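Below, chains carry the letters A, B, ... as their sequence lines are ordered, and counting in each starts from 1. Computed from a predicted model, the values in this text were never measured in an experiment.
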Protein chains: 2
Amino acid sequence: MQDNLSTTFAALADPTRRAMLAKLSQGEANVSDLAQPFLKEMSLPAVTKHLKVLEKAGLITKTREAQWRPCKINAEALKDAADWMEQYRVFWEESFDRLDEYLKTVTGNKKKKGKTNVRKK
Amino acid sequence: MQDNLSTTFAALADPTRRAMLAKLSQGEANVSDLAQPFLKEMSLPAVTKHLKVLEKAGLITKTREAQWRPCKINAEALKDAADWMEQYRVFWEESFDRLDEYLKTVTGNKKKKGKTNVRKK
DNA sequence: TTGTTAATTAACTACTTAGTTAAGTATAAG
DNA sequence: CTTATACTTAACTAAGTAGTTAATTAACAA
């Protein structure tokens, strides 16, 4: 994968992995703890792989404790993703009227929707 | 893809697509406008595919204007992703000391980690 | 009608991802 | 030493993703 942000988003693009993060947000857990809700749907090696994806994305840290592998969340990696999203907040939070105003200021005057506007060449 | 959130994150897990959203955050643009920065790296059909991914994720809307396809951002789809992230904010915003405190309260006390534990090979 | 521009579709290839089963490693416990 | 537990690695498969080139559609322009 090319860049950090892409790796982070890709890691989040799976409900199993998001559920694992949710669990870890309540504290440390071993691999088998994390696996337990999913063992009807997938095997333990599949779980190991999901954890590896989270680990490579820097979203969790796995340590050693005898034969257990306690994992903890490392949400700093989420910060970059959240920061990236932040720049789009205006698009879903502002009212449509104000968004329209904003677009006019950054684009000059488009928004008429006549056929001559979108034409660039 | 299974669920909306997964589709959204997957769509964002690509720098080309994120750059297209960034461009669209400044106003409408046609496919060829969006393609222009990438035509050294990829073909137009590849761009079409990226846009289709964004469209299926609900992140953009493509309309028709003669032979052009003006696209606009539709960041409401980002809101769900941002809301999901919001629940983890505490993990990167709180000071390390307070986070550590918090983790202790939810996990009991683990963390002994003496050298006799990690014996390897 | 002929040609040009804008964009999509089709068919294909290479790579990645998500899962599997079976075998292996490491630690603890009897 | 043997066995059980916790987890990983290896080898494989099926499906999905990202790109290609070539052909096609649609609207406009001459």
Considering residues at least two apart in sequence or located in another chain, which fulfil the side-chain contact (heavy atoms from CB on, under 4.5 Å) criterion with [X]?
| X | result |
| --- | --- |
| Ala81(B) | Met85(A), Leu5(B), Thr8(B), Phe9(B) |
| Ser32(A) | Asn30(A) |
| Ala57(B) | Thr7(B), Ala11(B), Leu59(B) |

Self-check item: Distance-minimising heavy-atom pair for Ala19(B) and Phe38(B)
Solution: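 Answer, listing the atom of Ala19(B) first, then Phe38(B): CB-CZ, 3.6 Å.
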Quiz item: If you look at every heavy atom in Trp92(B) and Leu78(A), which pair is closest and at what distance?
Solution: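 Reported closest heavy-atom pair: CZ3-CB, 3.6 Å.
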Practice problem: Residues of residues 49-62 of chain A with any non-hydrogen atom less than 4.0 angstrom from an atom of DNA chain D: list those, numerically ordered, please. | Solution: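 Residues of residues 49-62 of chain A under 4.0 Å from DNA chain D: Lys49(A), Lys52(A), Lys62(A).
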Practice problem: Identify, residue by residue, the members of residues 34-42 of chain B with a heavy atom below 4.0 Å from DNA chain D, and return them in order of residue number, or none. | Solution: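 Output list: Glu41(B), Met42(B).
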Quiz item: To the nearest 0.5 Å, what is the distance between CD1 (Ile60(B)) and CG (Leu54(B))?
Solution: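 Here the rounded value is 5.0 Å.
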Quiz prompt | Heavy-atom donor-acceptor pair, Tyr88(A) side chain to Ala22(B) backbone, under 3.5 Å | solution =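 Yes, because the side chain of Tyr88(A) sits within donor-acceptor range (under 3.5 Å) of the backbone of Ala22(B).
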Quiz item: Does the Gln87(A) side chain pair with the main chain of Trp84(A), one donor and one acceptor, at a distance under 3.5 Å?
Solution: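 Flag set: sc Gln87(A) to bb Trp84(A) pair under 3.5 Å.
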Practice problem: Using salt bridge (Lys or Arg N to Asp or Glu O under 4.0 Å) as the criterion, list what pairs up with Lys62(A), not counting sequence neighbours. | Solution: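 Glu55(A).
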Exercise. Name all residues meeting the salt bridge (Lys or Arg N to Asp or Glu O under 4.0 Å) criterion together with Lys49(B); count only those two or more places apart in sequence or in a different chain, and write none if there are none.
Key: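 None.
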Self-check item: Pairs where residues 77-87 of chain A contributes a residue and the test salt bridge (Lys or Arg N to Asp or Glu O under 4.0 Å) is met, not counting sequence neighbours
Solution: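 Counting only pairs at least two positions apart or across chains, the salt bridge (Lys or Arg N to Asp or Glu O under 4.0 Å) contacts touching residues 77-87 of chain A are Lys79(A)-Asp83(A), Glu86(A)-Arg89(A).
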Practice problem: Would you list the pairs meeting salt bridge (Lys or Arg N to Asp or Glu O under 4.0 Å) in which at least one residue belongs to residues 1-21 of chain A, sequence neighbours left out? | Solution: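 Listed by first then second residue: Asp3(A)-Arg18(B), Arg18(A)-Asp3(B).
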Self-check item: Listed nucleotide nearest any side-chain atom of Pro45(B), set dT9(C), dT9(D), dA27(D)
Solution: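 Closest of the options to the side chain of Pro45(B): dT9(C).
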For nucleotides 2-6 of chain D, list the nitrogen or oxygen atoms of the protein found under 3.5 Å from its nitrogen or oxygen atoms, one pair per line.
residue, atom, partner, partner atom, Å
dA6(D), O3', Gln67(A), O, 3.3

Quiz item: Listed in order of residue number, which residues of residues 6-18 of chain A have a non-hydrogen atom at under 4.0 Å from DNA chain C?
Solution: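 Contacting residues: Arg17(A).
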Quiz item: For Trp68(A), what residues pass the ring-ring contact (aromatic ring centres under 6.0 Å, His included) criterion, not counting sequence neighbours?
Solution: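 Partners of Trp68(A) under the ring-ring contact (aromatic ring centres under 6.0 Å, His included) test: none.
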Quiz item: Taking only N and O in the side chain of Ser43(A), is any of them less than 4.0 Å away from OP1 or OP2 of dG19(C)?
Solution: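 False: Ser43(A) side-chain N/O out of range (4.0 Å or more) of dG19(C) OP1/OP2.
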Quiz item: Rounded to the nearest Å, what distance is computed from the CD atom of residue Gln2(B) to the P atom of nucleotide dA15(D)?
Solution: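 Nearest whole value for this atom pair: 15 Å.
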